[in-house]
2 protein chains.
Amino acid sequence: MADTAIQIGELSRRTGCNIETIRYYERIGLMPAPPRRGRYRSYGAADVGRLGFVRRARELGFTLDEVRALLGLAAGGGASCAEVRVLAAAHLGDVRARIADLRRMERVLADSVRACDAGQDPGCPLIDALYAEPRLPQTAR
Amino acid sequence: MADTAIQIGELSRRTGCNIETIRYYERIGLMPAPPRRGRYRSYGAADVGRLGFVRRARELGFTLDEVRALLGLAAGGGASCAEVRVLAAAHLGDVRARIADLRRMERVLADSVRACDAGQDPGCPLIDALYAEPRLPQTAR
DNA sequence: CTTGACTCTGTAGTCGCTACAGATCGTATC
DNA sequence: GATACGATCTGTAGCGACTACAGAGTCAAG
């Protein structure tokens, strides 16, 4: 089982990772340079696993550097779980901060659209909001 | 009042937009090329207003192309409010989609960290999750 | 007259891909 | 044998939105 040497196209199909991206990962050292059959890259089951790992980590929003670190820890095995936890918790913090940012944006945008629908303002609520100056609360002009 | 010709550093200070970015905006045509006093750029109150507008729109997550469009509509005045609404509503949709993505990430990450803290698993929960293959739900192996 | 703060232009780097161009390879068909 | 096709190869350049230099010039105060 799994004496399956596959080409890059098949690896792409199995992982959902596009071909150019696979070669890019190889260039930056995230995927190892595979052996060649002729001049075509020849991949095995381990590559499918590793690339799937990369792809799923990316879907969770880890940067490529973080993915690199995770791969290192995954290879290490054993005591690395604590270190993985640190990485994941830090990244979770990032994600939550980004959510908070986006929610602030959402609120302002939704308010503006609502004000626009209400149609009470003389001008355009969003344009007005963008021209406002929250930087100098008083001090007249 | 406001016969104030200011230099780029002062514009930067007043808008919170960094100097290199101001020059960048000029290069890409988002800000007009100001007159020069000697060879230094000389800005006025209108520039402070426009750049503030750009910055606030960026804080709401609009792309530079969208900001360009908003600036055009803001200048147009009058009937443009409906068009602004369209832009804002579309962007609001984007923001909400990004929030949804991030929440999915948050959930998975938080689950993994929690599983990690529980410490019941034999391996590392996050590493295991990244190695899992949600692409083939059954089909054994 | 020198120091220091400011500004200038131009170019290159960041991140994570994506999109070519143009060559080469392997197989199937006429 | 010729040829067409699909897949792959290398190498380079582009995206968005900045950011970070290097190296030159400008200006006012001490």
Side-chain angles (χ1 to χ4, degrees), chain A residues 4-44 47 50-71 91 94-95 98 101-102 105, chain B residues 4-31 33-44 47 50-51 53-71 91 94-95 98 101-102 105:
Chain A
T4 43
I6 59 173
Q7 290 188 329
I8 200 169
E10 181 60 21
L11 178 60
S12 168
R13 241 164 283 125
R14 290 201 200 170
T15 57
C17 182
N18 124 10
I19 291 182
E20 321 261 36
T21 305
I22 296 172
R23 285 196 285 249
Y24 168 70
Y25 286 165
E26 180 183 326
R27 242 185 357 262
I28 63 167
L30 200 65
M31 291 291 292
R36 305 286 180 120
R37 275 215 208 237
R39 31 196 88 165
Y40 291 2
R41 289 169 178 80
S42 175
Y43 296 98
D47 298 301
R50 188 181 174 99
L51 186 52
F53 183 101
V54 171
R55 226 179 78 84
R56 282 182 286 272
R58 291 287 302 134
E59 276 167 7
L60 290 180
F62 287 100
T63 65
L64 290 182
D65 270 356
E66 289 168 331
V67 175
R68 223 184 289 268
L70 286 172
L71 282 166
H91 180 54
D94 281 6
V95 168
R98 282 198 279 154
D101 279 355
L102 286 167
M105 298 180 197
Chain B
T4 43
I6 57 172
Q7 291 189 330
I8 200 169
E10 181 59 22
L11 179 59
S12 168
R13 240 164 284 124
R14 289 202 201 170
T15 57
C17 183
N18 124 7
I19 291 182
E20 321 262 34
T21 305
I22 296 172
R23 286 196 284 249
Y24 168 70
Y25 286 165
E26 180 182 326
R27 240 181 5 258
I28 63 168
L30 199 66
M31 290 292 289
R36 304 286 180 121
R37 274 214 210 241
R39 35 196 83 165
Y40 291 2
R41 289 169 178 81
S42 174
Y43 296 98
D47 298 301
R50 186 180 174 100
L51 186 52
F53 183 102
V54 171
R55 226 179 79 84
R56 280 182 289 271
R58 290 288 303 133
E59 276 168 7
L60 289 180
F62 287 100
T63 66
L64 290 183
D65 270 356
E66 289 168 331
V67 175
R68 226 184 286 268
L70 286 172
L71 281 166
H91 180 54
D94 280 6
V95 168
R98 283 198 279 153
D101 278 356
L102 286 167
M105 297 180 198

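Throughout, a chain's letter reflects where its sequence line sits, starting with A, and its residues are numbered from 1.
Considering only side-chain N and O atoms, A/Q7 lies under 4.0 angstrom from the phosphate OP1 or OP2 of D/dT8. OP1 or OP2 of C/dT9 has at least one side-chain nitrogen or oxygen of B/R36 nearer than 4.0 Å. Between A/R41 and D/dC9, a side-chain N or O to OP1/OP2 separation shorter than 4.0 Å is present. Distances shown here put every side-chain N or O of A/T21 at or beyond 4.0 Å from the OP1 or OP2 atom of C/dG16.
The two residues B/R37 and B/A5 have their closest heavy-atom pair at NH2-CB, 3.4 Å.
Separating the CG atom of B/N18 from the P atom of D/dT19 is a distance of 5 Å, rounded to the nearest angstrom. Between B/I6 atom CD1 and C/dT7 atom P the separation is 10 Å, expressed in whole Å. We find that CD of B/E10 is positioned 17 Å from P of C/dA5, with the value rounded to whole Å. The distance between atom OH of A/Y24 and atom P of D/dT8, rounded to the nearest whole Å, is 21 Å. Atoms CD (B/E59) and C1' (D/dC18) sit 15 Å apart, rounded to a whole Å. Here C/dG16 presents its C1' atom at 12 Å from CZ of A/R68, a figure rounded to the nearest Å. One atom, CG of B/L30, and another, C1' of D/dA17, lie 11 Å apart when rounded to the nearest Å. Here D/dC9 presents its C1' atom at 11 Å from CD of A/E20, a figure rounded to the nearest Å.
Using a cutoff of 4.0 Å between basic side-chain nitrogens and carboxylate oxygens, A/E20 and A/R23 are scored as salt-bridged. Under 4.0 Å is where a charged nitrogen must lie from a carboxylate oxygen, and between B/E59 and B/R56 no such pair does. A salt bridge does not link A/R50 with A/D47: none of the charged nitrogens is closer than 4.0 Å to a carboxylate oxygen.
Where A/R39 and A/R27 meet DNA chain C, the nucleotide closest to each residue was compared, and A/R27 sits on the side nearer the 5' end.
Nucleic acid contact class of A/G38 (heavy atoms, under 4.0 Å, all strands): none. At the heavy-atom level, A/R23 lies under 4.0 Å from base atoms of the strands shown. Backbone-only engagement by B/I19 is indicated by non-hydrogen atom pairs under 4.0 Å involving sugar-phosphate atoms exclusively. Within the 4.0 angstrom heavy-atom criterion, only backbone atoms of the sugar-phosphate kind lie near A/Y25; the bases stay farther away.
A donor-acceptor contact under 3.5 angstrom links the side-chain atoms of B/Y40 to the base of D/dT26.
Of the possible donor and acceptor atoms, one in the side chain of B/R55 sits under 3.5 Å from a partner among the backbone N and O of B/T15.
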